[in-house]
Protein chains: 4
Amino acid sequence: MVIVMQEGATDEQIQHVIDRIVASGFDVHRSTGATHTVLGAVGVHRDFDHRDFELLEGVREVIRITQPFKLASRAFKPQGTIVDLGRGVSVGGHEIAVAAGPCSVESADQIQAVAEAVSKSGARILRAGAFKPRTSPYAFQGEKGLKLMRDAADKYQLFVVSEVMDPSQIQMMGGYVDIFQVGARNMQNYFLLRALGEVQKPVLLKRGMSATIEELLLSAEYILSGGNYNVVLCERGIRTFETYLRNTLDIAAIPVIKKLSHLPVIADPSHGTGRRDKVAPMARAAVAAGADGLLIEVHNDPDRALSDGAQSLTPGEFSQLMSELRIIAPAVNRHLA
Amino acid sequence: MVIVMQEGATDEQIQHVIDRIVASGFDVHRSTGATHTVLGAVGVHRDFDHRDFELLEGVREVIRITQPFKLASRAFKPQGTIVDLGRGVSVGGHEIAVAAGPCSVESADQIQAVAEAVSKSGARILRAGAFKPRTSPYAFQGEKGLKLMRDAADKYQLFVVSEVMDPSQIQMMGGYVDIFQVGARNMQNYFLLRALGEVQKPVLLKRGMSATIEELLLSAEYILSGGNYNVVLCERGIRTFETYLRNTLDIAAIPVIKKLSHLPVIADPSHGTGRRDKVAPMARAAVAAGADGLLIEVHNDPDRALSDGAQSLTPGEFSQLMSELRIIAPAVNRHLA
Amino acid sequence: MVIVMQEGATDEQIQHVIDRIVASGFDVHRSTGATHTVLGAVGVHRDFDHRDFELLEGVREVIRITQPFKLASRAFKPQGTIVDLGRGVSVGGHEIAVAAGPCSVESADQIQAVAEAVSKSGARILRAGAFKPRTSPYAFQGEKGLKLMRDAADKYQLFVVSEVMDPSQIQMMGGYVDIFQVGARNMQNYFLLRALGEVQKPVLLKRGMSATIEELLLSAEYILSGGNYNVVLCERGIRTFETYLRNTLDIAAIPVIKKLSHLPVIADPSHGTGRRDKVAPMARAAVAAGADGLLIEVHNDPDRALSDGAQSLTPGEFSQLMSELRIIAPAVNRHLA
Amino acid sequence: MVIVMQEGATDEQIQHVIDRIVASGFDVHRSTGATHTVLGAVGVHRDFDHRDFELLEGVREVIRITQPFKLASRAFKPQGTIVDLGRGVSVGGHEIAVAAGPCSVESADQIQAVAEAVSKSGARILRAGAFKPRTSPYAFQGEKGLKLMRDAADKYQLFVVSEVMDPSQIQMMGGYVDIFQVGARNMQNYFLLRALGEVQKPVLLKRGMSATIEELLLSAEYILSGGNYNVVLCERGIRTFETYLRNTLDIAAIPVIKKLSHLPVIADPSHGTGRRDKVAPMARAAVAAGADGLLIEVHNDPDRALSDGAQSLTPGEFSQLMSELRIIAPAVNRHLA
């Protein structure tokens with residue numbers, strides 16, 4: 001922590017701040033400049049509230065130095081994490097990992113048809129929801145939907161990712177999914193993050209709509225500190241004043257996260273734009289910016305989808321997008337299946 | 001739903017949109033202007049995704065007409081809801097309701113001291129947290145903290161509000177609290193909202209940091225539609241580009257909500273600013289703008305508070321603030337205890 | 001400037017940064033903590049780009065210490081500036097200064113009628129626009145409008161504030177206005193700010209819609225550094241994700257600015273909300289939060305106003321608001337005429 | 001304009017609104033649904049303030065139908081504008097147009113060195129500033145800088161783009177530049193836009209930091225309506241709550257603008273990120289999303305640049321980026337020189 005005193009702060013004020021720093025267990029370095037006195041507090045106190053010092057007389061500004069995340073930082077693991085899914089498929093490796101599928105499992109036929117189509121186009125992971133977030137976790141297909149998804153995925157050699165919304169669902173879902181997805185609204189649900197820190201399977205953590213990059217990394221830290229190191233981050237759009245599209249997909253977050261953290265980062269242009277015709281441009285942009293993968297909604301018949309049809313690609317559109325991505329990938333030293 | 005066709009949309013495009021509207025179960029009104037054809041779709045379909053129409057050829061814009069909340073709207077109940085707590089105390093009535101107390105229950109002595117102080121100054125409700133949100137719900141004092149709060153409240157004729165974070169806590173907490181508080185991070189936790197729709201006690205629902213006013217009312221609708229009509233809304237700051245303070249307290253949301261909805265609305269200047277020296281000005285502003293009440297952090301010894309001391313008023317500062325509010329209240333035809 | 005090195009930064013990286021700091025003319029203080037090395041650069045370099053250091057190898061973060069504004073800071077002039085308009089009227093003194101009037105001068109009768117009404121209710125300053133910002137500065141009434149405003153103001157002992165949009169207008173306008181207003185869109189028009197630094201009359205500087213508080217103070221610094229110390233700041237709403245009203249009036253900016261700067265600060269609830277029915281609540285909130293004054297649109301016949309009728313109060317509504325403000329003012333140790 | 005009445009609006013209220021619509025010169029279509037009455041106002045009134053109707057009794061919402069821009073809309077010119085610079089170079093055609101160069105002209109040697117380097121790597125346009133925006137327009141090199149830029153550009157067959165800040169500069173600058181650039185802070189400087197509508201040379205219009213896409217198109221409309229149809233739009237980052245980088249480059253604005261308007265759109269990743277190491281990823285993302293070109297800061301010696309060195313690429317980094325863009329371009333059916 002660095003404390004900048006106001007111009008004209010009195011000796012008494014400065015001494016009072018120093019006393020408070022020492023009382024909090026820090027060592028103090030005092031640096032007296034031409035206009036400002038700057039106090040450096042050295043020591044490690046993670047649960048420390050720097051605002052307490054902002055309010056002291058004569059203090060102009062308090063600057064936190066210790067980054068609030070450690071296990072998630074690039075400094076902790078410079079070489080970059082590769083989340084290995086098995087059978088040579090991973091997220092964070094040389095191949096760009098694409099997860100595709102419908103918003104929700106609607107029927108055996110539907111999920112099979114989508115799985116077949118996305119698999120043919122090069123997706124490695126099948127994505128779909130088995131619970132409707134706005135209703136009871138037990139109202140929708142639930143376990144039955146997960147089983148249909150698992151069967152379809154197995155038939156086409158795909159891995160399965162699906163959203164978990166409550167710690168109570170983890171054990172059952174663990175029988176069907178390869179990756180647990182945490183939705184944007186749950187990014188700061190610490191009960192859920194803590195529970196996922198104790199499982200062995202990878203976690204796909206979506207950035208909250210109003211979460212800073214630092215807050216996303218803090219949430220990842222929660223999972224990592226529980227002992228689960230297989231975390232994939234996902235940019236899915238932030239809320240800004242621009243409302244033409246549902247959200248503003250923060251493409252720059254991709255290279256920023258790649259620098260700050262060793263964790264893989266993917267993008268979700270379907271939720272990030274909310275409109276089918278904007279998914280392909282933003283998927284291409286994410287890969288060109290260095291994303292390790294994509295999460296894309298694909299439906300065999302979007303016009304009749306039970307949910308989110310407006311943001312789902314048809315299998316043909318998805319296939320076309322994958323062809324475009326294959327052209328782009330070498331520009332970032334990657335390839336696609 | 002109103003669909004505005006592009007200038008130059010062809011007859012085929014228009015007819016295709018009409019067919020889709022009819023197939024979705026709406027009646028259609030067609031209005032042909034000099035430059036635009038506008039199609040009105042009449043009917044009630046709450047689960048309808050208007051984006052499906054935005055993507056059709058020739059469509060420029062789709063406008064939702066039906067407000068997504070009904071029970072929470074002022075039109076549904078023009079006279080305004082008064083949440084009655086008993087013993088002549090209510091939220092939404094002529095008296096401005098002030099809830100005050102520490103961030104968290106720390107000890108019997110602490111909560112008693114604060115309860116006595118805020119009660120003397122005119123607060124009617126004791127607020128405090130009994131669970132630490134970032135850790136396990138069972139790690140902190142939990143039920144023991146609630147009991148201490150209840151005892152202190154009873155001794156000074158105060159009502160109790162405390163945050164509930166998970167449906168599993170409702171039954172136990174119901175034995176101690178008079179109002180269940182839903183925190184900003186849980187504003188869209190539909191499991192929790194649904195569960196609170198089934199209890200009899202009032203719910204204090206905080207606006208999420210990036211939630212629009214409409215989304216706040218939608219979340220209230222969730223509770224109301226479960227049968228619990230005693231909902232109090234709370235403005236506690238939104239996230240904007242201005243970062244000098246932790247959040248931007250959206251004071252204008254108070255009169256906006258009062259117009260759109262019959263539910264009482266209060267403000268939380270402690271969390272909305274994050275700094276003790278900004279709490280009083282914003283509390284005064286909220287009351288002057290028409291708030292039905294306030295939620296204010298007060299600690300008997302903020303410098304030694306276990307949490308959020310930086311945003312807690314001392315009992316003396318709180319007493320001073322209440323005196324100022326007593327001056328302001330008559331300007332909005334209200335009074336304070 | 002404080003430079004925080006990454007955990008694990010090498011001695012070579014640290015030495016390279018030190019060399020660059022020294023080459024830039026700073027002295028260096030090195031502080032080696034358990035995990036981080038922190039380098040303090042001491043010296044004064046206003047035109048310095050701290051991003052140059054952010055990009056050096058091994059650097060985690062660079063923190064600017066020197067506040068970019070000096071003349072506008074409270075430290076520079078602790079006692080608070082009072083902008084004296086003459087005849088006992090000032091902005092920043094004990095009396096809350098209210099400027100009121102129509103969006104634009106429409107006719108001699110209109111401006112006389114409004115001047116009479118607002119004067120009776122206690123306004124001290126007449127506000128109106130004489131140029132339409134979206135068209136040529138010479139298309140609208142221009143000087144003729146200013147003359148009508150001056151005449152009406154003189155008749156009712158009011159001072160005149162009107163917006164200047166280009167340095168070329170300053171000389172002519174100086175013959176009619178008592179305060180030059182700089183609009184939100186021109187807050188960073190450095191040509192205009194520089195020119196206004198050289199005049200003797202007070203300047204009312206509006207915060208840009210996406211300007212931080214610090215940027216507003218920087219713009220004020222521009223005027224002050226030219227030698228004109230009579231600057232009044234004005235909060236008029238920022239752009240956020242909440243779009244129910246035109247802007248989000250940042251009421252908390254008022255006490256924040258009062259702490260950071262000695263300059264008076266007023267609020268414009270008419271432009272900050274864009275709707276007549278929200279002007280009074282937000283005007284009351286601004287005064288309760290400590291504003292030194294208000295800028296309010298009043299029109300004798302809003303339904304027929306040539307511009308901004310929707311956000312203009314009627315004389316009756318304005319009179320009612322002033323009565324409410326008279327109740328509130330003592331709560332902040334102020335009074336109204 | 002469509003006016004949605006509140007549920008329960010009375011016949012008197014509805015009739016009053018109808019009378020006001022008719023009095024404003026519109027025709028009215030009335031549509032009575034099960035819960036709402038909806039009134040359609042047909043006619044063309046560009047200077048109309050729809051807020052006037054929002055405030056009438058019984059009105060819930062007023063929706064503007066007529067798009068506020070016409071000449072800039074894709075409907076007006078479906079095939080897309082190609083801004084022809086001569087010698088086979090254009091913006092909006094099959095080749096992606098890259099403008100590159102230093103923040104400001106520093107010397108003949110510097111601008112020559114940069115011009116040579118960017119020309120070799122495939123840039124077609126030389127960009128540089130000849131005026132320092134924060135100081136007097138006449139303080140910096142001004143015309144001398146423009147002449148140096150012109151000479152360097154001619155030597156390497158480049159076109160010249162430079163920022164114009166005031167109408168008074170247009171005539172002089174017209175002797176040196178091929179494209180007038182309007183900076184983000186001037187996007188709504190209507191004096192300047194109007195003046196540029198009357199010149200023959202193309203205008204590069206940058207999006208303001210807090211401007212919506214619609215507002216950007218409205219500003220373009222201003223220039224187009226003056227008779228200058230050669231307008232190129234530029235996304236350069238918006239202000240959001242995420243402050244790790246200077247701005248949030250809104251990549252999705254590129255495909256959105258391409259759909260709404262026929263005008264070419266380019267991106268400025270240098271100003272949009274403010275950091276050299278983020279320029280290449282965001283430049284690649286912009287091209288992958290469909291941008292017609294790029295504006296990139298390149299300096300022969302960024303560490304010694306007089307301004308914006310931190311966001312300038314070295315010639316080597318620029319050359320590497322151009323190679324990557326050549327790989328990506330075919331994915332969007334484009335090519336690079």
Side-chain angles (χ1 to χ4, degrees), chain A residues 207 209-217 235 237-260 267 269 272-275 277-291 320-333, chain D residues 207 209-217 235 237-260 267 269 272-275 277-291 320-333:
Chain A
R207 181 182 183 183
M209 203 161 62
S210 67
T212 62
I213 291 169
E214 184 178 292
E215 289 168 342
L216 173 60
L217 292 174
E235 163 62 34
I238 57 174
R239 183 160 270 184
T240 71
F241 67 82
E242 174 57 64
T243 56
Y244 183 86
L245 296 178
R246 188 160 54 181
N247 288 114
T248 300
L249 196 66
D250 182 8
I251 293 286
I254 297 166
V256 169
I257 292 172
K258 294 301 284 182
K259 188 183 175 199
L260 294 178
T273 65
R275 281 179 62 120
D277 61 343
K278 299 300 179 281
V279 170
M282 297 312 283
R284 294 191 307 256
V287 167
Q320 166 68 20
L321 168 60
M322 291 293 277
S323 303
E324 294 161 359
L325 296 177
R326 267 181 213 103
I327 297 172
I328 294 171
V332 286
N333 296 313
Chain D
R207 180 182 184 183
M209 202 162 61
S210 67
T212 62
I213 291 169
E214 184 178 291
E215 288 168 343
L216 172 61
L217 293 174
E235 163 62 33
I238 58 174
R239 183 159 268 185
T240 71
F241 68 82
E242 174 57 64
T243 56
Y244 183 86
L245 296 177
R246 190 161 52 182
N247 289 115
T248 299
L249 197 66
D250 183 8
I251 293 286
I254 297 167
V256 168
I257 291 172
K258 295 300 283 183
K259 188 181 176 201
L260 294 178
T273 65
R275 282 177 61 120
D277 61 343
K278 300 300 180 280
V279 170
M282 298 312 284
R284 295 191 307 255
V287 167
Q320 165 68 19
L321 168 60
M322 292 293 277
S323 303
E324 294 162 0
L325 297 177
R326 269 182 212 101
I327 297 172
I328 294 172
V332 286
N333 296 314

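All of these numbers come straight from a predicted model, not from anything done at the bench. Here is the naming used below: chain letters follow the sequence lines, and residue numbers restart at 1 for every chain.
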> Of all of D/Pro269, D/Ser323, D/Pro255, which one pairs up most often with chain A through heavy atoms under 4.5 Å apart?
Replying inline: D/Pro255
> Where does D/Val287 contact chain A at under 4.5 Å (heavy atoms): side chain, backbone, both or neither?
Replying inline: neither
> With side chains defined as the heavy atoms from C-beta onward, is the minimum distance between A/Met282 and D/Ile251 less than 4.5 Å?
Replying inline: yes
> Do you know which two heavy atoms are closest between D/Ala289 and A/Ala285, and how far apart they sit?
Replying inline: CB-CB, 4.2 Å
> If you look at every heavy atom in D/Arg284 and A/Ala288, which pair is closest and at what distance?
Replying inline: NE-O, 2.7 Å
> With chain D, which of A/Asp250, A/Leu325, A/Ile238 has the greatest number of heavy-atom pairs at distances under 4.5 Å?
Replying inline: A/Ile238
> Nearest heavy-atom pair of D/Phe241 and A/Arg207: which atoms, and what distance?
Replying inline: CE1-NH2, 4.4 Å
>> Given heavy-atom pairs under 4.5 angstrom as the criterion, report whether the side chain, backbone, both or neither of A/Thr212 touches chain D.
In response: both
> Between A/Ala283 and chain D, which part of the residue has a heavy atom less than 4.5 Å away: side chain, backbone, both or neither?
Replying inline: neither
>> Do D/Thr240 and A/Thr248 have side chains that approach each other closer than 4.5 Å (heavy atoms only, starting at C-beta)?
In response: no
>> Can you list everything that forms a side chain to side chain contact (heavy atoms under 4.5 Å, CB included) with D/Ala267? Sequence neighbours excluded, please.
In response: D/Ile254, D/Ala286, D/Leu294
>> Minimum heavy-atom separation for A/Ile328 and D/Ala331, please, with both atom names.
In response: CG1-CB, 3.6 Å
> Who are the side chain to side chain contact (heavy atoms under 4.5 Å, CB included) partners of A/Arg275, not counting sequence neighbours?
Replying inline: A/Tyr244, A/Leu245, A/Asp277, A/Lys278, B/Glu54, B/Leu55, D/Lys259
> Using a cut-off of under 4.5 Å for heavy-atom pairs, which of D/Ser210, D/Pro330, D/Ala280 has the most such pairs with chain A?
Replying inline: D/Ser210
>> If I compare all heavy atoms of D/Ile213 with all of A/Glu242, which pair ends up nearest, and what's the gap?
In response: N-OE1, 2.8 Å
